Asks: 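A single structure is presented below for examination.
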Amino acid sequence: MSELPKAYNPKEAEPEIYRRWLASGYFNPDSLPAAGPEAYSISMPPANATGVLHMGHAVMIAIQDILIRFERMSGKRTLWLPGTDHAAIATQNVVEKELKNGGLKRHDLGREEFLKRVDVFVRDSQTTIRRQIQTLGASCDWSRERFTLDEGLSAAVRHAFVELYRDGLIYRGDRIVNWCPKDQSTLADDEVEYVEKKTPFYYFRYGPVVIGTARPETKFGDKVIVVHPNDKRYDKLVGTSFDVEWILGPIRAAVIADPAADPGLGSGALTLTPAHSFVDFELAKKHGLEILPIIGHDGRLTDAAGPFKGMKVQEAREKVVQILKAKGLIERIDENYVHHLSVCYRCGTPVEPLVSKQWFVAVDQPAKRLRGRSLKQRALEVVVKNEVAFVPERFADVYRQWMENLHDWCISRQIWYGHRIPVWYKDDQVHVGTTPPGTGWKQDEDTLDTWFSSALWTFSTLGWPDQTKDLKVFHPTSVMETGYDIIFFWVARMILMSTYLLGEVPFRTVYLHGLVRDRRGRKMSKSLGNGIDPLVMAEKYGADAVRLSLVIGTTPGNDQRLYEEKIASYRNYANKVWNIARFLALQDSTPTVGPAGGSLADRWIQSRLHALIRDVTKDLKRFRFSSAAERTYAFVWHEFADWYLEIAKVEKNIALAREVFGAAITLLHPFMPFVTEHVWTKLALGKKVLMVADWPAANPALIDPRSESEFASLQQRIMALRQERKKAGVLTRTMVVRLKKDDPAWDHQAIVERLARVRLAAA
RNA sequence: GGGUUCGUAGCUCAGUUGGUUAGAGCGCCACAUUGACAUUGUGGAGGUCAGAGGUUCAAAUCCUCUCGGACCCACCA
């Protein structure tokens, strides 16, 4: 032990410790020796198969590992299930980009060959992700690792689809959807982002009215003018039709009345572009009007645009404006109009609202299995009734507001990578089922939205639809821990699916962490180059330091700023823990005879320890990780090391020092698993690995306010003497302080003299 | 437009249901090195808790407004 190096070297120690944990088998709840009947489980949010772990993942791993280790040490049968998500669009994009570099498109390879390429990429990526998660010390059960495209999970997806379809909750329909012309796929509402962009806004004369638009190129097929029924200006026009001069010559325009038109806005009249506007599409359907696509799925104009056919949107726009200008139909142009442009959240391409055949989950449809309530109603109910609790609570409101406004969920995507929709066609027959009904049937070309499969994650990973033992024991999972930015994408959809398919919530509590930002509060991003790589930091300062820096000084649901010095300061802390262990290792631990019941310092440190155990345990149960970590940090460094160990150099109660230190690093273990496990072994503090040591129990009998206040006065006395010495300028040598005979400092003469670096003398 | 959130020491942030003198880390200043640790120790400076008003015996904490920052949702033909 005396050959322990002066400084802790995490880079050397950590991989070895992780190997020992793996070898112990204790990551797997089935081999936990001391586990009681109570189960505790967390589904690790599956990392995207595209890649590389960032600080957001590190936060998630740190927090979940804290919960898991705490519960495991508390005797629960603890499962933390890791995995990866195929992240269809994102992954396909990456591989397509690679192909593009070689001058290829996916259609050059064909579906099968392309998917093979994706598989190779994904397998490689998964290996990286696995190693990264391990580097951070995650005590998850690798024997249960899952991937959303595994055979088992794919079967779950098909099963879920078929069940929902048979219950009338999935349908195929003609709908206007957000279409990304670049990804060649639809996007869900929340996959669309809005960016502000200055675009010219045109006012055109259209017969008797003036219409405004930022999209002139979509207006070829506008044949209907809508006005408000109470708008007197247009009273006489409603129900009539007449010829108006338009882009390609005169067209017949009809006037209808609908309250959707706002009389106060512009001229109070609008023309309908049914195939390229959500509002117009609904109106057109309502009034039974023709829906004529002007823009195709390739982002180019269709036959309906006559001579403009095949032209790209931007080009067509300029041409249309030129023509209308030449015809004198332009009223005016607002060049400074700030437009909220819809763009694809993956690639940033402007989204086209287009009409197409898609599959939908009906969220408002009453369901027999939910006793007549809809998916949406049930998903709202579980949160309102607190069957699912949010931490922090305010996100329950955010969730509720969003769920109330949820529209039917478009689940089909026109990409290759992902779960193929389990629908087969033959002639004019359609079969929905987990397998084709016979030969000659052709499967639907589309794949499912990635979130459809991740919505099943908490139970598909446990073997559903089979009623496995794991499913019974570990579902509902205990906690879902993830970033608040995916409440809608993921959390809400898991609740939707689980409450329907299993009739139970997917998790009892949702804990949401905030985003990790840079020192200036900006989002970390590749383009800004301001990202801090968790693995580079772990390499430099140790995984323990990275984890602690992500936990201390943060509160649930709030963003945090991270910078390297913060991580470095916790590296120093790990080193402190290490050096305490070094000191203890060098001492003779044979118990020394002290005062009965222990010295004042003994009683004090035990009182402080047991108060700490009580407080940290309470903090962890309430998800107050920062508080728990800070308390432990302060205790180890500023109470145990700074005071108790200094006194131990006088009183020599090394046996108690070891005992207290052992308990303290047990409390610290969920936060800093590596260094604590390391010194636990080096000091031979227990028989088992620390990872499965018993969580300490607070003994209220040892919490002793009288000893604490008595010790506090001793500390005050010592600090006052240190100040006196500093004031006197006696710096290097021991100063003589004259005290009266009845001064209480005499009771602890040796301690006072050593800690204050003074010599006491009789006055 | 609807909603959420933040504004506490130079910097990054804690502050549990309102309750002694508002805390931590980093940074700063001064000093300390023969035996756990300079990735250290000791002492110190530094805050009218964004501003105004209100509720209360008592407000960083609750309410209202103002100023400033961030985010989410919706969306203008």
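Below, read A as the first sequence line, B as the second, and so on, with proteins coming before strands; counting in each chain starts at 1. Fair warning: this is a prediction, and the values are worked out from it, not measured in the lab.
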Asks: Partners of A/His678 by side-chain hydrogen bond (donor to acceptor under 3.5 Å, both in side chains), sequence neighbours excluded?
Replies: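 Not a single residue meets the side-chain hydrogen bond (donor to acceptor under 3.5 Å, both in side chains) criterion with A/His678.
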Asks: I'd like to check the side-chain hydrogen bond (donor to acceptor under 3.5 Å, both in side chains) partners of A/Lys618; sequence neighbours left out, ordered by chain and number.
Replies: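 For A/Lys618 there are no side-chain hydrogen bond (donor to acceptor under 3.5 Å, both in side chains) partners, ignoring immediate neighbours.
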Asks: Looking at B/A36, B/A14, B/G41, which one has an atom nearest to any side-chain atom of A/Trp637?
Replies: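 The answer is B/G41, which lies nearest to the side chain.
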Asks: Not counting sequence neighbours, which residues clear ring-ring contact (aromatic ring centres under 6.0 Å, His included) with A/Phe674? List them please.
Replies: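 ring-ring contact (aromatic ring centres under 6.0 Å, His included) check on A/Phe674 returns A/Trp21.
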Asks: Considering only side-chain heavy atoms of A/Lys576, which listed nucleotide, B/G25, B/U40, B/U39, is closest?
Replies: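 When the side chain of A/Lys576 is considered, B/U40 is the closest of B/G25, B/U40, B/U39.
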Asks: Got a donor-acceptor pair under 3.5 Å from the side chain of A/Lys649 to the base of B/A36?
Replies: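 Indeed, a donor on one side and an acceptor on the other fall under 3.5 Å apart.
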Asks: Might you list the N or O atoms of the protein lying below 3.5 Å from N or O atoms in nucleotides 2-12 of chain B, with each pair's distance?
Replies:
from  : atom 1 : to       : atom 2 : distance (Å)
B/U12 : OP1    : A/Arg561 : NH1    : 3.2
B/U12 : O4'    : A/Tyr563 : OH     : 3.4

Asks: With respect to the side chain of A/Phe488, which nucleotide from B/A70, B/A36, B/C72 is positioned closest?
Replies: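 Nucleotide nearest to A/Phe488's side chain: B/C72.
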Asks: If you check the A/Thr555 side chain, which of B/A36, B/U39, B/A14 turns out closest?
Replies: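 Within the option list, the nearest is B/A14.
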Asks: Closest nucleotide of RNA chain B for A/Asp642 versus for A/Asn579: which of these residues is on the 5' side?
Replies: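 The residue closer to the strand's 5' end, by nearest nucleotide, is A/Asn579.
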Asks: Can you give me the dot-bracket string for RNA chain B, 5' to 3', counting Watson-Crick and G-U wobble pairs with both distances under 3.5 Å, using [ ] for crossing pairs and | for partners on another strand?
Replies: (((((((..((((.....[...)))).(((((.......))))).....(((((..]....))))))))))))....
Asks: In whole Å, measure the gap between the C1' atoms of B/C63 and B/G27 for me.
Replies: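 Looking at atom C1' only, B/C63 and B/G27 are 38 Å apart.
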Asks: I'd like a table of donor-acceptor pairs (distance under 3.5 Å, sequence neighbours excluded) in which one partner is a side-chain atom from residues 205-214 of chain A, with atom names and distances.
Replies:
from     : atom 1 : to       : atom 2 : distance (Å)
A/Arg205 : NH1    : A/Glu331 : OE1    : 2.4
A/Tyr206 : OH     : A/Asp222 : O      : 2.6
A/Thr213 : OG1    : A/Arg215 : N      : 2.8

Asks: Which pairs pass salt bridge (Lys or Arg N to Asp or Glu O under 4.0 Å) with one or both residues in residues 565-581 of chain A, sequence neighbours excluded?
Replies: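 Salt bridge (Lys or Arg N to Asp or Glu O under 4.0 Å) check on residues 565-581 of chain A returns A/Arg519-A/Glu565.
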Asks: Can you list everything that forms a salt bridge (charged side-chain N to carboxylate O under 4.0 Å, His left out) with A/Asp258? Sequence neighbours excluded, please.
Replies: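 Partners of A/Asp258 under the salt bridge (charged side-chain N to carboxylate O under 4.0 Å, His left out) test: A/Lys286.
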Asks: If you check every side-chain atom of A/Arg722, which of B/C37, B/C71, B/G43 has the closest atom?
Replies: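 Between B/C37, B/C71, B/G43, the one nearest the side chain of A/Arg722 would be B/G43.
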Asks: Kindly point out which of B/A77, B/G25, B/U39 is positioned nearest to the side chain of A/Phe201?
Replies: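 The answer is B/A77.
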Asks: By the salt bridge (Lys or Arg N to Asp or Glu O under 4.0 Å) test, which pairs, at least two apart or in different chains, include something from residues 267-277 of chain A?
Replies: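 Sorted result for residues 267-277 of chain A: empty, none.
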Asks: Can you work out whether A/Gln723 or A/Ser277 has the more 5'-proximal nearest nucleotide on RNA chain B?
Replies: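 Taking each residue's closest nucleotide, the earlier one in sequence belongs to A/Gln723.
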Asks: Taking the side chain of A/Arg624 as heavy atoms from C-beta outward, which of B/U16, B/G25, B/C71 is closest to it?
Replies: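 Nearest nucleotide to the side chain: B/U16.
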Asks: Roughly how many Å apart are B/A30 and B/G46, using the C1' atom of each and rounding to a whole number?
Replies: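 That atom pair is separated by 15 Å.
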Asks: A/Asn572 has a side chain; which of B/C37, B/G41, B/U39 sits nearest to it?
Replies: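 So the side chain of A/Asn572 is nearest to B/U39.
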Asks: Could you tell me whether A/Ile211 contacts a base, only the sugar-phosphate backbone, or nothing, with contacts defined as non-hydrogen atoms closer than 4.0 Å?
Replies: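 Nothing, no heavy atom under 4.0 Å.
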Asks: Determine the interatomic distance between P on B/U8 and the same-named atom on B/U55; round to the nearest Å.
Replies: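 B/U8 and B/U55 have their P atoms separated by 27 Å.
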Asks: Establish whether the base of B/A36 is bridged to the side chain of A/Lys6 by a donor-acceptor pair shorter than 3.5 Å.
Replies: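 No.
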Asks: Ring centres under 6.0 Å, that's the criterion: do A/Tyr511 and A/Phe625 meet it?
Replies: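 A/Tyr511 vs A/Phe625: aromatic centres under 6.0 Å.
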Asks: From C-beta outward on A/Lys726, which listed nucleotide comes closest to its side chain: B/C31, B/C37, B/C72?
Replies: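 The closest nucleotide is B/C31.
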Asks: Are A/Phe390 and A/Tyr399 close enough that their ring centres sit under 6.0 Å apart?
Replies: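 When the ring centroids of A/Phe390 and A/Tyr399 are compared, they turn out to be within the sub-6.0 Å range.
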